[in-house]
Visitor: 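Next up is a structure, given as structure tokens.
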Amino acid sequence: MFDRKTHWQNVYKDKSSLDVSWYQKEPTLSLELVHSAKVKSDDAIIDVGGGASVLVDHLYKEGFSNLTVLDISENALASARERLGDSAKNIEWLEADITQFNAPHPFSLWHDRAVFHFLTEKSDRESYVKSLKHALKSNGHLIIAAFTIGGPEKCSGLDIVQYDAEKLIAELGKDFELLEERNEVHITPANKEQTFTYFHFIYVARI
Ligand SMILES: C[S@@+](CC[C@H](N)C(=O)[O-])C[C@H]1O[C@@H](n2cnc3c(N)ncnc32)[C@H](O)[C@@H]1O
């Protein structure tokens with residue numbers, strides 16, 4: 001039976017984080033969307049399935065002081081911590097499966113690049129949305145990037161679900177209002193093109 005955690009632990013054991021297909025030297029679009037959310041520098045930001053992404057390095061350098069990186073793979077987190085050196089101690093590192101995540105404190109911004117799209121089972125997507133709603137403050141920001149409809153069908157050898165806005169809204173429900181969507185052609189380290197769409201939502205929690 002497929003074991004998600006083992007899969008991701010092996011990915012980060014067997015490959016350099018610079019060689020994985022999703023590697024980005026500059027997370028340009030993620031940063032632009034975080035900036036457009038206009039969160040304060042001490043607002044809590046979580047990068048879900050952040051892996052060894054350098055988004056956290058950029059945000060930390062920009063002065064964001066309340067950063068969390070969550071990943072199912074301890075190897076991925078270890079690699080990011082090592083890269084950040086001394087600064088790593090100022091960041092919260094959580095090893096967890098996002099479908100079973102119980103946030104230890106509320107967040108103002110939730111960022112997910114290429115994680116939700118791995119959830120091919122409806123029950124996992126529902127659990128993710130439950131974790132998200134528990135974690136995000138009212139009027140908090142959600143940034144999700146997934147492969148575009150017509151884009152790649154697999155990532156890391158696993159089936160994924162491609163999204164457009166309508167399909168994603170159907171998963172998230174009416175408490176999330178779409179503010180913006182942007183497309184990106186990501187060039188992998190092996191020089192292949194992958195089309196992503198980034199969606200920026202606001203969580204309008206109904207009380
Ligand atoms: C395609 S990579 C993207 C990494 C990072 N977001 C980036 O853009 O560079 C997917 C990441 O999600 C993590 N992941 C996959 N399934 C997960 C889950 N159920 N819970 C938490 N992390 C997960 C993997 O370990 C991996 O680091």
Side-chain angles (χ1 to χ4, degrees), residues 2-34 45-59 67-81 83-84 92-103 107 109-132 134-135 142-148 151-163 171 182 184-190 192 194-199:
F2 174 69
D3 181 75
R4 201 182 270 158
K5 188 178 171 71
T6 306
H7 172 85
W8 290 106
Q9 278 287 72
N10 288 340
V11 166
Y12 288 101
K13 179 161 67 66
D14 298 341
K15 278 194 170 187
S16 149
S17 54
L18 306 180
D19 292 334
V20 292
S21 60
W22 50 92
Y23 173 71
Q24 282 181 303
K25 199 167 169 201
E26 299 285 330
T28 311
L29 205 38
S30 294
L31 286 169
E32 281 181 27
L33 292 171
V34 171
I45 296 178
I46 184 166
D47 191 13
V48 165
S53 161
V54 296
L55 178 63
V56 65
D57 309 40
H58 283 265
L59 294 174
L67 298 169
T68 300
V69 180
L70 175 148
D71 205 278
I72 199 168
S73 165
E74 170 54 22
N75 290 341
L77 297 177
S79 153
R81 271 201 301 263
R83 186 186 65 231
L84 276 150
E92 181 177 47
W93 303 94
L94 300 176
E95 182 194 335
D97 183 326
I98 198 57
T99 61
Q100 292 159 34
F101 175 54
N102 196 2
F107 292 92
L109 190 147
W110 173 294
H111 175 270
D112 162 343
R113 174 173 177 268
V115 187
F116 182 73
H117 76 182
F118 285 107
L119 304 178
T120 53
E121 298 291 328
K122 189 169 174 47
S123 57
D124 279 341
R125 294 194 293 273
E126 285 171 355
S127 300
Y128 178 109
V129 174
K130 202 169 155 207
S131 299
L132 165 67
H134 170 71
L142 166 66
I143 297 166
I144 293 197
F147 285 158
T148 311
E153 289 171 356
K154 284 185 182 274
C155 183
S156 189
L158 305 176
D159 288 340
I160 58 88
V161 183
Q162 304 172 336
Y163 285 98
E171 296 293 341
R182 305 265 300 269
E184 175 183 71
V185 179
H186 168 62
I187 310 294
T188 71
K192 292 211 170 74
Q194 294 184 329
T195 47
F196 275 93
T197 307
Y198 287 63
F199 303 92

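Whatever order the structure lists them in is the order used to number ligands and atoms, beginning at 1.
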Visitor: Salt-bridge test for Glu126 and Lys122: reply yes if a basic N is under 4.0 Å from a carboxylate O, no otherwise.
Guide: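 Result for this pair is yes, salt bridge flagged.
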Visitor: Salt bridge check: are Glu74 and Lys5 linked by an N-O gap of less than 4.0 Å?
Guide: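 Result for this pair is no, no salt bridge flagged.
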Visitor: Which atom names give the shortest non-hydrogen contact between His111 and Ser30, and what distance separates them?
Guide: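 That would be NE2-OG, 2.8 Å.
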Visitor: Side chains of Asp71 and Ser73: do they bring a donor and an acceptor to under 3.5 Å?
Guide: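 Distance-only check fails for Asp71 and Ser73.
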Visitor: Enumerate, one pair per line, all nitrogen or oxygen atoms of ligand 1 lying under 3.5 Å from a protein nitrogen or oxygen, stating the separation to 0.1 Å; write 'none' if no such pair exists.
Guide:
from	atom 1	to	atom 2	distance (Å)
ligand 1	6 (N)	Gly49	O	2.8
ligand 1	6 (N)	Arg113	O	2.8
ligand 1	8 (O)	Arg113	NH1	2.7
ligand 1	19 (N)	Asp97	OD1	2.9
ligand 1	20 (N)	Ile98	N	2.8
ligand 1	22 (N)	Ile72	N	3.2
ligand 1	25 (O)	Asp71	OD1	2.6
ligand 1	27 (O)	Tyr12	OH	2.6
ligand 1	27 (O)	Asp71	OD2	2.7

Visitor: Name the orientation class of the two ring planes belonging to Phe101 and Phe107 (parallel below 30°, tilted from 30 to 60°, perpendicular beyond 60°).
Guide: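 Ring orientation of Phe101 relative to Phe107: tilted.
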Visitor: Would you please indicate if the ring centroids of Phe116 and Tyr163 are separated by under 6.0 Å?
Guide: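 Yes - the distance between ring centres of Phe116 and Tyr163 falls below the 6.0 Å cut-off.
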